[in-house]
Structure formats: structure tokens, C-alpha cells
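Just so it is clear: chains get the letters A, B, ... in the order the sequence lines come, proteins before strands, and each one is counted from 1. All of these numbers come straight from a predicted model, not from anything done at the bench. Keep in mind that the numbers below use all heavy atoms, side chains included, and drop hydrogens, waters and symmetry copies.
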Number of protein chains: 2
Amino acid sequence: MKAYLLQTLKELALLGALRERVEISSLELAKQLQTSQQTASRYLLELDEEHLIKREHGIKKQLIMITSEGAHHLEAEFIDYQHIFSLKEEIVFVGTVISGLGEGTYYTSQKGYLEQFKKKLGFTPYPGTFNVRIDPVERNKLRLLKNFGKGVDIESFESNKRTFGSVSCFLGEVDGIEGAIVMPKRSHYSEIIEFISPIYVRGRLNIKDGAPIEIRIYLEETLPEEPLR
Amino acid sequence: MKAYLLQTLKELALLGALRERVEISSLELAKQLQTSQQTASRYLLELDEEHLIKREHGIKKQLIMITSEGAHHLEAEFIDYQHIFSLKEEIVFVGTVISGLGEGTYYTSQKGYLEQFKKKLGFTPYPGTFNVRIDPVERNKLRLLKNFGKGVDIESFESNKRTFGSVSCFLGEVDGIEGAIVMPKRSHYSEIIEFISPIYVRGRLNIKDGAPIEIRIYLEETLPEEPLR
DNA sequence: ATTACTAGTAAGCGAGTAT
DNA sequence: TATACTCGCTTACTAGTAA
């Protein structure tokens with residue numbers, strides 16, 4: 001998303017356009033953004049084209065409201081700032097359940113991974129991964145996770161004459177089931193999040209493909225409680 | 001501030017550059033920003049020129065840290081987002097005490113204003129205003145105030161054959177002294193904030209020009225407490 | 001009043017490359 | 001490896017103005 005569009009969207013949000021239709025002229029918006037009327041008008045056109053706002057033309061001014069897609073961008077931005085100023089302790093990914101290609105079972109059955117999971121994560125995962133497709137706008141949360149999350153590194157190893165790459169894990173939960181997400185280190189951000197757990201998640205949740213789901217990742221390590229004396 | 005520079009600054013902050021020097025190459029930054037190495041390099045040059053970051057060149061990569069000026073921009077942005085998502089109940093302006101030109105005394109002595117202050121703000125101000133020069137980066141808080149603050153409108157009136165313009169007031173306090181800031185409606189955002197109070201602020205605080213000061217403005221109206229039955 | 005098109009100018013971009 | 005310069009191309013800007 002272009003930086004100036006985000007800025008414009010934020011400005012509209014400040015005027016209340018997340019909650020209601022806001023009446024504003026391109027000239028008024030231009031003053032807020034310290035630019036010309038023409039540029040503000042163009043920004044609004046671009047935001048509209050990208051479905052980040054919805055407009056209705058009144059007789060004079062226009063009524064503008066931010067769409068849910070636009071709101072997602074602002075939320076993502078807010079999360080970034082919360083992290084910058086260390087105010088949040090978890091990241092929630094929203095997505096839909098999908099089926100994997102069975103690869104998850106292959107990888108999570110490798111002894112080289114299993115031993116490390118047991119040792120470093122504290123549990124032996126059920127074979128296979130619980131896969132969730134996240135919205136593309138959620139991907140910057142993945143980046144945040146890499147930068148801020150307390151990742152657990154699982155090292156690469158060799159087995160059967162091939163190499164199994166190193167992965168990062170982040171502890172979290174899906175609908176109350178504790179586990180961790182697994183991210184290959186040498187790969188770009190994907191739209192799929194893979195979750196492992198000692199429990200067979202799909203069975204426990206009795207859930208179908210396409211169902212909405214949330215994965216919650218803990219950013220702070222859970223500190224053991226100090227016993228009262 | 002250019003939108004893309006803010007975005008870059010935010011990215012550096014996410015990498016921890018608010019707290020410590022961060023080692024990053026222009027290519028790595030470019031990947032984060034989804035742009036080219038050349039552009040990332042140019043962004044860093046621009047941020048440096050504007051004193052928003054400080055750089056040290058290592059043998060390979062460079063060490064980057066965000067300056068306090070850069071941090072202010074990020075804080076201001078964070079405040080904006082907090083307001084968008086309704087998480088803050090006050091705005092604090094940081095500035096330095098300055099002397100006015102005596103105009104404050106003239107205006108605050110006008111009967112037309114005095115009657116409205118008494119009626120709408122609940123107090124009769126001491127003649128004169130307590131003036132604070134705010135940092136230019138604080139000005140977007142003024143804009144926030146106009147959009148979100150529970151402003152009290154003081155209407156224009158005529159007296160002695162001239163017109164006294166309408167002003168907006170926002171209740172707040174300076175160092176524990178309750179009062180309100182006064183902003184002319186028909187004027188651009190200024191670097192000076194004028195504070196009125198039933199008490200002679202300068203005398204009470206025994207403060208000199210140039211001294212650092214905070215003005216706290218309440219965003220939510222203080223609701224009267226419900227008596228317990 | 002508005003919005004937004006046209007057109008000329010300015011700013012931003014990244015491939016190539018020097019250092 | 002790095003950073004950052006040049007330069008040709010693209011994108012973004014605003015004055016003027018139509019609708």
C-alpha cells in the first residue's frame with residue numbers, strides 16, 4: 001500500500017470515518033494533509049479504486065466511510081505502533097482453516113525435528129500440521145513476529161541423504177489448544193500458517209475447511225509465578 | 001514529513017532502532033520496505049539529513065539509531081492511532097513557557113468573552129493568558145484536539161465597533177492548576193498555546209520564560225459519579 | 001460551492017555502476 | 001561484500017479550468 005494512501009486513510013479515520021460516514025470536501029482534506037485540493041481529490045479516487053473507502057456524493061461535499069479492508073490496514077498499522085512502544089503481548093492471526101498436502105505429516109514425523117520439539121518446545125507434536133490461510137494484510141504480523149517474537153529455533157539436520165531446513169517456532173494457541181506455529185527460516189512470508197500441537201487439532205475442534213479461525217501467538221514468555229511467602 | 005520517510009522510520013523502530021543501534025544493510029531494509037536497495041539507501045540519506053536518524057558506518061553494514069526528533073514523530077503517530085481506536089483520554093502538550101505581548105490581558109478582559117467563559121467553562125479567568133510554545137511536531141495534536149476534543153464554543157461578539165472572533169476552549173490543567181486552552185477558530189494552527197485559568201498561573205508556579213512545561217487537555221468529559229444506593 | 005480532468009513540471013524510482 | 005552516484009524513465013504534483 002502506498003505510503004500516502006495510508007496517511008490519507010489515517011486522516012479520514014481521525015475524522016471518524018471508521019465508525020460513520022464523514023462529510024468532508026477535497027479541499028478540507030487537502031488542508032489536513034497539507035497538500036492541494038487536486039491531490040486530495042486524486043487520493044480519494046485511488047482509495048476508492050482500491051476499495052479502502054466508500055464514497056457517496058452529496059450535493060456539495062462527499063460522504064466518506066472506511067471499508068473493512070481499509071480498517072484492516074489501519075489495525076495492522078496500529079499493531080505495529082503498539083509493538084514499537086511495547087504495549088502488546090500477543091499477536092492474533094485471523095484466517096480460515098485449510099487442508100495441507102500431507103507434507104506436514106511427513107515433516108513432523110522426522111525424528112530430527114521431533115527430538116528438538118520435545119526438548120525446546122516441551123511437547124511432542126501430533127503428526128501433521130493444522131493449516132490456516134491468513135489474509136494477505138495479516139502478513140505484516142508475521143514480520144513482526146520474526147522481529148519481536150520469542151522464537152524457538154529448531155536446527156537443520158540431515159536424514160536419508162537429504163537436508164531438513166531450520167525452522168522457527170512461536171508458542172501460541174488455537175481455540176484453547178496449546179501449541180506452536182512453525183515457520184521455515186529460509187522462505188518468504190507465506191499466506192499459510194502451520195500449527196503443531198500435542199493434540200490432533202482438527203479432530204478436537206471438529207472443524208471444516210473454510211471455517212474462520214484465530215491463532216494467538218504469545219510474544220512475552222510466560223513467567224513462572226512467584227510463590228507467595 | 002514525507003509519508004515514505006515515516007514508513008521507513010517505523011520500519012527501523014520495529015527493528016528496535018528506538019532503543020539501540022541496529023545493524024542493517026540498505027538491501028535488508030529495502031526488502032522490508034519492498035523497494036530497491038537504491039531507494040532504501042536514499043531514504044536513509046534523507047532521514048539522516050533531517051536528523052531523524054543517526055548513522056555509523058561499520059565495515060559492511062551500518063548502525064542506525066532513531067534520534068529523539070525521529071522518536072517524537074513516531075510517538076505523535078502512535079497517539080493518532082490510539083485516538084483512532086479510542087484508547088486515550090487526554091492529550092499532553094510539551095513545550096516551554098513564553099511571555100505574551102499583553103494581548104491576552106486585553107482579550108480576556110472583554111466582557112463579551114468573560115460572560116461566556118463564566119457560563120460555559122464554569123470559571124472567570126484571571127486577566128491574561130499563560131503562553132506555551134510547543135514543538136512543531138506537537139501540532140498534529142492540536143488537529144486531534146479539534147477533531148476529537150470536547151470543545152467549548154465561545155461565540156463572536158461586537159464591542160467598541162470591532163468584532164471579537166469566536167474561539168474554541170478545551171478544559172485541562174497545567175501543573176495541577178485547572179483551566180482551559182483557548183484557540184481562535186479562524187486561524188491556522190499556531191505554535192503557541194494560550195491557557196486561561198481562574199488562578200494567575202505564572203504567579204502560582206513562579207516560573208520563568210523558557211522553562212519546560214506540560215499542558216494536559218481532557219478529551220473525555222468528566223462524568224459526574226453515580227452515587228451508590 | 002463542489003469534483004476532477006488536462007497538461008506541464010517536479011519528484012521519485014531503480015538499473016547500472018563507481019567506490 | 002557494502003553504499004550511494006548518475007541518468008533515463010515513471011509517478012506524483014498542482015495550476016488552470018470544465019462541469
Open item on the list: Nearest whole Å is fine: how far is C:dA4 P from A:Lys61 NZ?
Closed with: 15 Å
Task: Rounded distance (Å) that lies between atom P of C:dA4 and atom CG of A:Leu47 - done: 12 Å
TODO: Tell me whether the centres of the aromatic rings in A:Phe157 and A:Tyr113 are closer together than 6.0 Å.
DONE: yes
- [ ] Please state how far atom CD in B:Glu49 lies from atom P in C:dG12, giving the value in whole angstrom units.
- [x] 12 Å
- [ ] Would you mind reading off the distance between B:Ile24 atom CD1 and D:dT3 atom C1', rounded to a whole angstrom?
- [x] 14 Å
Open item on the list: Counting only side-chain nitrogens and oxygens, does B:Tyr4 get under 4.0 Å of the OP1 or OP2 atom of C:dA11?
Closed with: no
Open item on the list: I'd like to know if B:Glu46 reaches the base of C:dG12 with its side chain such that a donor and an acceptor end up less than 3.5 angstrom apart.
Closed with: no
Task: B:Gln38 (side chain) and C:dG12 (base): donor-acceptor pair under 3.5 Å - done: no
Task: A:Leu44 CG to A:Leu52 CG distance, which is reported to the nearest 0.5 Å - done: 11.5 Å
- [ ] Between A:Glu28 and B:Ser36, just flag the one whose closest nucleotide in DNA chain C comes earlier from the 5' side.
- [x] A:Glu28
TODO: Look at the side-chain N and O atoms of B:Ser26 and state whether any lies under 4.0 Å from the OP1 or OP2 oxygen of D:dT3.
DONE: yes
Task: Below 4.0 Å: OP1/OP2 of C:dG12 and any side-chain N or O of B:Lys2 - done: yes
TODO: Return the value, rounded to whole Å, for the distance between atom CG of B:Leu27 and atom C1' of C:dT17.
DONE: 16 Å
Open item on the list: Under 4.0 Å from OP1 or OP2 of C:dG14: is there any side-chain N or O of B:Thr35 that close?
Closed with: yes
- [ ] May I ask you to establish whether B:Arg216 and B:Tyr218 are in a cation-pi arrangement, using a distance under 6.0 Å from NZ or CZ to the six-membered ring centre and at most 45° from the ring axis?
- [x] no
Task: Closest contact, heavy atoms only, B:Leu74 versus B:Ala13 - done: CD1-CB, 3.7 Å
TODO: Report the distance from atom CD of A:Glu23 to atom P of C:dT3, rounded to the nearest whole Å.
DONE: 10 Å
TODO: Tell me yes or no: between the side chains of B:Ser166 and B:Glu155, is some donor less than 3.5 Å from an acceptor?
DONE: no
- [ ] Determine the contact category for B:Ser25: base if any of its heavy atoms lies under 4.0 Å from a base atom, sugar-phosphate if only primed atoms, P, OP1 or OP2 are that close, otherwise nothing.
- [x] sugar-phosphate
Open item on the list: Check the phosphate of C:dA4 against A:Arg55, side-chain N and O only, distance under 4.0 Å to OP1 or OP2. Yes or no?
Closed with: yes
Open item on the list: Please classify the nucleic acid contact of A:Leu44 as base, sugar-phosphate, or nothing, using heavy-atom distances under 4.0 Å.
Closed with: nothing
Task: Whole angstrom value for the distance that separates C1' of C:dA1 from CG of A:Leu29 - done: 17 Å
Task: Listed nucleotide nearest any side-chain atom of B:Leu45, set D:dA4, C:dG14, C:dA4 - done: D:dA4
- [ ] May I ask you to check whether B:Tyr43 and B:Tyr4 place their ring centers less than 6.0 Å from one another?
- [x] yes
TODO: With heavy atoms under 4.0 Å as the rule, sort B:Gln62 into base, sugar-phosphate or nothing.
DONE: sugar-phosphate
Task: Length of the line joining B:Leu33:CG and C:dG14:C1', which is rounded to integer Å - done: 15 Å
TODO: Check whether any side-chain nitrogen or oxygen of B:Ser41 sits under 4.0 Å from OP1 or OP2 of D:dT3, and answer yes or no.
DONE: no
TODO: Look at the side-chain N and O atoms of A:Arg42 and state whether any lies under 4.0 Å from the OP1 or OP2 oxygen of C:dT6.
DONE: no
